[in-house]
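Heavy atoms only: backbone and side chains are in, while hydrogens, waters and symmetry mates are out.
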Amino acid sequence: MSNKFAIRISDLRKSFGTVKAVDGLSLDVPAGAIFGFLGPNGAGKTTTIQLLLGLLEASGGTGMVLGYDCATQGQAIRERTGALLEHHGLYEQLTAEENLEFYARIGQMAAGERRVRIRESLEDMELWDRRHDRVGTWSRGMKQQLALGRALLHRPQLVFLDEPTAGLDVMAANAVRDRLATLVQREGTTVFLTTHNMAEAERLCATVGVVRSGRLLALGSPDSLRSGGASLVEIVGSGFRDDVIDDLLRLPGVLTAVVRENQLEVELSEGHESAPLIQALVAAGARVEEVRKGQASLEDFFISLMQEESA
């Protein structure tokens with residue numbers, strides 16, 4: 001494996017009949033950081049993970065994970081990686097400690113190492129005091145934290161996480177994010193993360209890739225993607241009627257215009273100024289009290305990219 005990249009993908013393709021789930025995907029995932037793999041439902045994210053783990057046979061192209069070929073060395077990849085995919089994979093009739101003991105034995109971990117790693121994992125997830133609890137009695141957030149501990153039990157160099165905070169409450173989701181950030185900082189683990197939560201991706205990810213219909217649309221750090229194009233103009237006032245918004249959307253450079261209570265948020269493409277926007281609002285009879293300019297969020301960038309692809 002290159003010291004620089006944990007994953008290298010070149011023209012990777014996977015079709016199911018006439019459906020192209022992954023369509024010529026090429027990207028490199030840096031080692032020792034969190035990589036965000038973003039896209040709408042049906043974009044090919046889960047299929048890509050299954051290809052990288054050697055669970056599906058590609059229709060074309062290549063994938064290398066930790067220096068191993070996905071097509072021929074899937075077992076070696078799975079032995080060296082962790083995964084938390086659609087299901088948490090826990091046995092609810094067993095205790096937390098028994099669940100980790102079961103998976104450690106499957107992984108042929110020596111008895112002494114098992115004891116150490118099970119305790120470390122439960123302590124890392126702040127679950128040691130609940131180790132004798134039957135998992136079926138736990139909340140979804142606690143189960144997800146234990147499942148994350150299971151995926152990391154054997155100290156993998158790389159872990160695949162498919163929407164690990166989906167459906168969790170705010171506190172549980174925040175706890176999972178904190179564990180991930182600590183893991184990368186402390187152990188240098190590479191995390192391949194899919195999420196629909198753009199704020200989560202902004203907070204955690206050093207690099208993100210945006211896919212749709214199995215194709216890569218954008219790749220870079222959250223900062224570079226945000227600054228590479230749109231700017232956000234926030235206008236406080238009144239009179240932002242539907243016909244006024246329709247007229248704004250016809251102006252050059254206006255990508256989106258959304259009214260939230262007494263505030264109008266307008267996304268402008270690169271190189272376009274806000275002055276014509278304000279002039280148009282005043283001419284239409286709107287009242288402008290305050291204008292604030294800022295950088296579009298990753299969510300703004302994502303929505304704009306999806307709209308451009310749909311146009």
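Within the 4.5 Å cutoff, no side-chain heavy atoms of Leu94 are placed close to those of Val135. Considering only heavy atoms from C-beta on, Asn197 comes within 4.5 Å of Arg177 through its side chain. Between Leu146 and Arg150 the shortest side-chain heavy-atom distance does not fall below 4.5 Å. The closest side-chain heavy-atom distance from Met125 to Leu152 is below 4.5 Å. Using a 4.5 Å heavy-atom cutoff, the side chains of Asn262 and Val236 are in contact. Side-chain atoms of Thr207 and Val29, non-hydrogen and from C-beta on, never get closer than 4.5 Å to each other.
Within the 3.5 Å criterion, the main-chain N or O of Gly39 finds a donor-acceptor partner in the side chain of Lys45. Within the 3.5 Å criterion, the main-chain N or O of Ser26 finds no donor-acceptor partner in the side chain of Ser10. Side-chain atoms of Ser274 never come within 3.5 Å of backbone atoms of Leu277 as a donor-acceptor pair (strictly under, hydrogens ignored). Side chain of Thr137 to backbone of Arg134: a donor-acceptor contact under 3.5 angstrom is found. The main-chain N or O of Arg117 is never found under 3.5 Å from a side-chain atom of Arg155 such that the two would form a donor-acceptor pair. Using a distance-only test at 3.5 Å, with no hydrogens or angles considered, no donor-acceptor pair links the side chain of Ser213 to the main chain of Arg215. At least one donor-acceptor pair under 3.5 Å links the side chain of Gln144 to the backbone N or O of Pro164.
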Checking Asn174 against Thr165 for the side-chain contact (heavy atoms from CB on, under 4.5 Å) test, could you report, in this order, the C-alpha distance in whole Å, the side-chain angles of both residues, the deciding distance, and whether it holds? CA-CA 8 Å; Asn174 193 61; Thr165 61; over 6 Å; no
Would Arg140 and Leu168 count as a side-chain contact (heavy atoms from CB on, under 4.5 Å) if you check the C-alpha gap in whole Å, the side-chain angles of each, and the deciding distance to 0.1 Å? CA-CA 7 Å; Arg140 182 170 180 175; Leu168 301 186; 3.7 Å; yes
Steps toward side-chain contact (heavy atoms from CB on, under 4.5 Å) verdict (Val210, Met306): CA-CA 10 Å; Val210 182; Met306 294 301 110; 3.7 Å; yes
Can Thr46 and Ile49 be said to form a side-chain contact (heavy atoms from CB on, under 4.5 Å), step by step? CA-CA 5 Å; Thr46 301; Ile49 291 177; 5.5 Å; no
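When each of Leu53, Leu161, Thr194 is tested with Leu85 by the rule side-chain contact (heavy atoms from CB on, under 4.5 Å), just one qualifies, namely Leu53. Exactly one residue among Leu51, Leu56, Ile7, Val65 makes a side-chain contact (heavy atoms from CB on, under 4.5 Å) with Cys70. That residue is Val65. Among Glu273, Glu265, Glu234, Glu267, the one residue that satisfies the salt bridge (Lys or Arg N to Asp or Glu O under 4.0 Å) test with Lys293 is Glu273.
Following chains of ILVMFWY side-chain contacts shorter than 4.5 Å, one can reach Leu249 starting from Leu264, so the two form part of one hydrophobic cluster. In the hydrophobic clustering of this structure, Leu158 does not group with Leu153; members are Ile, Leu, Val, Met, Phe, Trp, Tyr whose side-chain heavy atoms approach within less than 4.5 Å, directly or through other members. In the hydrophobic cluster analysis, where Ile, Leu, Val, Met, Phe, Trp and Tyr join through side-chain heavy atoms closer than 4.5 angstrom, Trp138 is grouped together with Leu148. Two different hydrophobic clusters hold Val258 and Ile303 under the rule that ILVMFWY side chains link at heavy-atom gaps under 4.5 Å. The hydrophobic cluster containing Leu90 also contains Val159, counting ILVMFWY residues as joined when their side-chain heavy atoms lie under 4.5 angstrom apart, directly or transitively.
Here Asp124 contributes atom CG and Glu120 contributes atom CD; the two are 7.0 Å apart, rounded to the nearest 0.5 Å. Atom CZ of Arg292 and atom CD of Gln263 lie 5.0 Å apart (nearest 0.5 Å). For the atom pair Phe302 CZ and Leu217 CG, the distance stands at 9.0 Å (nearest 0.5 Å). In this structure, CZ on Arg80 lies 9.5 Å from CD on Gln75, to the nearest 0.5 angstrom. Rounding to the nearest 0.5 angstrom, the gap separating the OG1 atom in Thr81 from the CG atom in Leu52 is 9.5 Å. Ile118 CD1 to Arg131 CZ: the interatomic distance, rounded to the nearest 0.5 Å, is 11.5 Å.
Counted within 6.0 Å of CD on Gln185, heavy atoms from surrounding residues, nucleotides or ligands total 12 or fewer; the atom is thus considered open. Atom CD of Glu187 is surrounded by more than 12 heavy atoms from other residues, nucleotides or ligands within 6.0 Å. Heavy-atom contacts from other residues, nucleotides or ligands closer than 6.0 Å to CG of Asp242 number 12 or fewer. Within a 6.0 Å sphere centred on CD of Glu299, heavy atoms belonging to other residues, nucleotides or ligands number 12 at most. Within a 6.0 Å sphere centred on CD of Glu289, other residues, nucleotides and ligands contribute more than 12 heavy atoms. The environment of CZ in Arg115 is sparse: at most 12 heavy-atom neighbours from other residues, nucleotides or ligands sit within 6.0 Å.
In this structure, Phe160 and Phe192 have tilted ring planes: the angle between them lies in the 30° to 60° band.
Using a 4.0 Å cut-off between charged side-chain N and carboxylate O, Glu97 and Arg114 make no salt bridge. Under a 4.0 Å N-O distance rule, the pair Arg203/Glu200 does not qualify as a salt bridge.
Of all the heavy atoms in Leu204 and Ala181, the pair that sits closest is CD2-CB, 4.2 Å. Here the closest non-hydrogen pair linking Thr95 and His132 is CG2-O, 3.2 Å. The heavy-atom pair separating Gly61 from Arg13 by the smallest distance is N-NH2, 3.6 Å. Shown here for Leu225 and Ala218, the closest heavy-atom pair between the two residues is CD2-CB, 4.1 Å. Between Val208 and Pro222, the shortest heavy-atom contact is CG1-CG, 4.3 Å. Considering every non-hydrogen atom in both Leu298 and Ala201, the closest pair reads CD2-CB, 3.9 Å.
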